Every structure is written in structure tokens, then in C-alpha cells.
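Predicted model, so just to flag it, every value in this text is computed and none were measured. Residue numbers begin at 1 in each chain, while the letters A, B, ... track the order of the sequences.
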There are 2 protein chains.
Amino acid sequence: MAQNDTVTRILDTAEVLFAERGFAETSLRTITSKAKVNLAAVNYHFGSKKSLIQAVFARYLDPFTERFHGALDDLERRYRGQAIPLEELLETMARSVLEVPAERNSLKVFMRLLGLAYSQAQGHLRRYIQQDYGSVFTRFTELIRQATPELPDAERFWRLHFMLGSVIFTLSGLDALRDIAEKDYDEHVTVRDLVRRLRPVVVAAMQAPLPAPAPATAQEA
Amino acid sequence: MAQNDTVTRILDTAEVLFAERGFAETSLRTITSKAKVNLAAVNYHFGSKKSLIQAVFARYLDPFTERFHGALDDLERRYRGQAIPLEELLETMARSVLEVPAERNSLKVFMRLLGLAYSQAQGHLRRYIQQDYGSVFTRFTELIRQATPELPDAERFWRLHFMLGSVIFTLSGLDALRDIAEKDYDEHVTVRDLVRRLRPVVVAAMQAPLPAPAPATAQEA
DNA sequence: CCACGTTTGAAACAATTGTTTATAACCAGG
DNA sequence: CCTGGTTATAAACAATTGTTTCAAACGTGG
């Protein structure tokens, strides 16, 4: 029934095609023909291509934010006011991300979509995500702030984005990188492997010594 | 003269438009009209849109690889056979990247283009870059290998890409992130500032402790 | 000055895009 | 049964895309 439903058939097909070809490079005709659905169905059910893209994201992000909020609730309850250790916070986020595909498609697709959203020029997508799902991120960063009181606010901001870049970049480009890695080293790596490898790196990065202060150059005030 | 030359006018306009809107989202008509050049000029001088894109990259990457190779030559000469320290290698790479805009446009545009190239689905662009400019990267990673003998090869491979992600992600999304950072914290941050902030983070990440070995899960051999 | 290869110009091309329209099929509730 | 709103279908739409064509303009070597 869910499989035969036109709406979910469109979403299922669209998310895969978007992930492997990008948004602009995926036409509605490609989606509808592969989904065995009439072309007009997209505009009928979603209104426009743009809305379809957002719907694809919502289907991933809604379960994720719910889980993540719940996990953070648990954490705060357990630590009741005390600062939650950095490792716990990162661990919780990783666990929440890894749990998403239980309700949806592969985690690989999800990360690829996220990567596309952030690299999208102009950034209507990033703005949409920020607007509808920014609150979890805000809550998370605030907890990170309490876990790393020694870091200046600006420094923490940038380091968080450094790490966000590591995660999104490697996980969204996983297929291409895996090909290289498999050829050069034996290993067949999974998303979970990468998350495991990311953990100590992220912790070390957040706890790295502060950079040398900016040198006063001639062209600056 | 260089300014009046049709070819360079096309390239100058294209790289800016590509950087701020993406490749698929930038039409040849937008480029040629903004460059005050006839529409057919692109196909006449470059053959196709695809070739134009590659030409835009070549104009950045050619000077970069030349400088970078030269800088690595200097380093190897100075250390004559001994392993070059990690910090030196990173410092050299950063300096080479920062020097590029001296010959070309802004560094911001360069990083944005790199980010787009890597996030491009399918990845013909990534393949083109790898094919024509992969040798410098290979040389660099070999030196990194000698500088971090304690790291398993696969681990170093992934950590390098983690860091590549940090750099490309933050620097290519600089404009959007800067807006947030400026609002929340005072600072007006430049690319050079980010590179300075990246240094200790990258070093710490590369030297982080090894991850816990992969747990033997049920579905794995 | 003329002739010839190079570059520019305006127009047309064929293909593809997202979206809309009008009609048909469906499928419940009276 | 049939009637009314919901969904599916095929066709057309208008706009935009990259590319090609062919004639005009250019500029340089004879």
C-alpha cells in the first residue's frame, strides 16, 4: 500500500536520483518515468519541483530532529544541570544520525543530500533547513558551549563548522572515496566505520590549542 | 588588452558566476551577456560549456600546482632526505594556496569553485581534476606519510580527507558562514583568518589517537 | 589595396525543461 | 446506481537551454 502510493513512490525515486545526480541535473521526467508515475503527479501532489526537494528533506529531517531532541532530553536529564562531556554530546549526535535510516532509506543517501544542500549555490535549501530545523542545531551548540568553556565563542563556532565540513564532505562523497580506498588499501569501509574514525579526530580538533593571534597586517585597521 | 580580449572576458565573468550560482544554474547567455560578448563566442573559443568550465579551473590550478611543486622542491632540498615535519608541510600547502590569487582572482572564488567541483554529483569534474592535477596531491600525501609514520595508511587516508572536507566546506561556504559569524560575534573574518584557525585544528586532528577497533558485528564476516 | 584566415554577430535550431490544462478513471457516500 | 470530489493521464504550453549556421567585420601579410 505504502509502496503503491504515488506520493511515496515519487519521494523514494526522487531522493535516490537527487542524491546521485544533483537537483538541477535531475528532471521531473526522469523521476516520474523511473517511478512509473505520470509527469503531472509531481506538480499535483507537491506543487512544484522546489517543494518536492523540500519534501524529500523533510522526510529525513523530521524523524532525525525528533530523535535527536529526545536523545538530548535524556542526556540533560541524566546530567541534571551539570555540563555534559563533549564526548557524550558527539556520541549522542552520531547515534541519532545513525538511527535515521531505520525509518528511512540508506544513511548514505541522507548524507549525500545534506552535502548537496550545503554546497548548493545561493542556498535557498540551506536557508530552508536552517529555518525549519535550526532549533535543534542551536540547542546542540549551546550544550557544546557548556562542554567547552575554555573556547572563545568565535573559535568554537568555526571549529564546529570545520567538523561539520569533515563529516558532510567525507560521508557525502563516500562512494567516490571508497573506490579509491578499496583500491589502495584492502578495506571495504562503511558509514559506521567512518563515524568511528571521525570520533577521536573531532574530539582532538575541538580540544586543539588556540591559534596564534592574527598578525597586524598593513592593510588592516 | 587582456581586459578587452574576448577569451579572458568570458573566463573572468564565468568564474564569478559559476562560483556564486553553480555550473548548471549558470547559462551561457547569462555569461555572455554579462561579459558583453556574443553568445556564440563561448562555443567558438572553448568548444562547449563543459570545456569552458574546465578552462576556468585550469586557470587557477595551473599556477597553483606550479607554485606548490616549487615549494615542495624547496622543502625537500632543505630537509635533504629527512622526513619533513607535518607542520611544515601544512604550512607550505597553505602558503601555496594563499599565493594563488596573486595571479588570479580572489581566493574566495577559487575555494568556492573547488567546493562545487567536489560536491558535483557524478563527478566528471573531480575526475578531470584528479587526472590533470592528481600528481601534486600524490606527491604531497607521500610526504605526509613520511611525516606521520605512526599512522596506518588507511587511517591517514581518511584523516586527510576529513581535513580536506573542513577546508573546502568552510572556505567555499565562507560568505554564508561569515554572515552568521558577524551577526553573532563581532569579527569580520577573512580567508587568511580561517587558514590561521585551521592550522592547529588540522595538526591536532592528524595526531589524534587511533579510533577503537571496529566491533565485530553480527552481519560481518 | 587586396585577399584570406580569424573573429564577431544575429538568427535559427532542436532538444529539454517545469508547469498547466482538459479529460478520463477512480471510488467512496447517499 | 450514480454522483462528487479526488487522483491519474495525455497532451500541449511557454520558456530556456547548448549548439550551429552563415554572413559580416576585422586585421594582417602580400
Side-chain angles (χ1 to χ4, degrees), chain A residues 1-59 113 116-117 120-125 127-128, chain B residues 1-59 113 116-117 120-125 127-128:
Chain A
M1 37 189 62
Q3 178 58 296
N4 219 0
D5 188 17
T6 304
V7 170
T8 69
R9 258 231 307 286
I10 292 176
L11 286 172
D12 288 343
T13 313
E15 73 179 17
V16 172
L17 289 176
F18 284 153
E20 62 190 25
R21 308 149 88 125
F23 303 115
E25 296 83 354
T26 306
S27 72
L28 293 186
R29 283 170 176 81
T30 315
I31 297 173
T32 53
S33 74
K34 195 157 214 163
K36 289 208 252 288
V37 151
N38 189 274
L39 168 62
V42 169
N43 287 278
Y44 177 76
H45 286 286
F46 297 94
S48 67
K49 182 181 182 179
K50 204 174 196 167
S51 307
L52 169 63
I53 296 175
Q54 296 189 350
V56 166
F57 274 91
R59 210 164 56 134
L113 289 175
L116 283 176
Q120 270 288 309
Q122 288 179 293
H124 359 73
L125 246 182
R127 223 170 301 128
Y128 157 76
Chain B
M1 36 189 59
Q3 177 58 298
N4 218 359
D5 188 17
T6 304
V7 169
T8 69
R9 257 230 308 285
I10 292 177
L11 286 172
D12 288 344
T13 313
E15 72 178 17
V16 172
L17 289 176
F18 283 153
E20 62 190 25
R21 308 150 88 124
F23 304 115
E25 296 83 355
T26 306
S27 71
L28 293 185
R29 282 171 176 80
T30 315
I31 297 173
T32 53
S33 73
K34 195 157 214 163
K36 289 207 254 287
V37 151
N38 189 273
L39 168 62
V42 169
N43 288 278
Y44 176 77
H45 286 287
F46 297 94
S48 67
K49 183 181 182 180
K50 204 175 199 168
S51 307
L52 168 63
I53 296 176
Q54 297 189 349
V56 167
F57 273 92
R59 210 163 57 136
L113 289 175
L116 283 177
Q120 269 288 309
Q122 289 179 290
H124 359 72
L125 247 183
R127 222 168 303 127
Y128 157 75

[X] [atom1] to [N] [atom2]: how many Å, rounded?
X	N	atom1	atom2	result
B:Ile31	D:dT19	CD1	P	11 Å
A:Lys50	C:dT17	NZ	C1'	16 Å
A:Asp5	D:dT7	CG	P	9 Å
A:Leu28	D:dA11	CG	P	19 Å
B:Phe23	D:dG18	CZ	C1'	17 Å
A:Leu39	C:dT20	CG	C1'	10 Å
A:Arg29	D:dA12	CZ	P	13 Å
B:Ile53	D:dT17	CD1	P	14 Å

Is the backbone N or O of [Y] less than 3.5 Å from a side-chain atom of [X], with the two atoms forming a donor-acceptor pair by type?
X	Y	result
A:Lys49	A:Phe23	yes
B:Arg9	B:Ala35	yes
B:Ser33	B:Arg29	yes

Compare side-chain N and O positions of [X] against OP1 and OP2 of [N] and report whether any pair is under 4.0 Å apart.
X	N	answer
B:Asn43	D:dT19	yes
A:Thr6	D:dA8	yes
B:His45	C:dT6	no

Does a side-chain N-to-carboxylate-O contact under 4.0 Å join B:Asp12 and B:Arg59?
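Counted as a salt bridge, because a side-chain N and a carboxylate O are separated by less than 4.0 Å.
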NA contact type, B:Thr26, heavy-atom cut-off 4.0 Å: base, sugar-phosphate, or nothing?
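It contacts sugar-phosphate atoms only.
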Minimum-distance nucleotide to A:Tyr44 side chain [options: C:dT19, C:dT7, D:dT6]:
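Of all the options, the side chain of A:Tyr44 is nearest to D:dT6.
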Side chain of B:Asn38 (C-beta onward), nearest among C:dT8, D:dT20, C:dT19:
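Out of C:dT8, D:dT20, C:dT19, the nucleotide with an atom closest to B:Asn38's side chain is C:dT8.
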Do you know which two heavy atoms are closest between A:Leu116 and A:Gly22, and how far apart they sit?
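Where A:Leu116 meets A:Gly22 most closely, the heavy atoms are CD1-CA, 3.9 Å.
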Taking for each residue the nucleotide of DNA chain C with the nearest heavy atom, is it A:Ser27 or A:Ala40 whose nucleotide lies nearer the 5' end?
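Its nearest nucleotide being more 5', the pick is A:Ser27.
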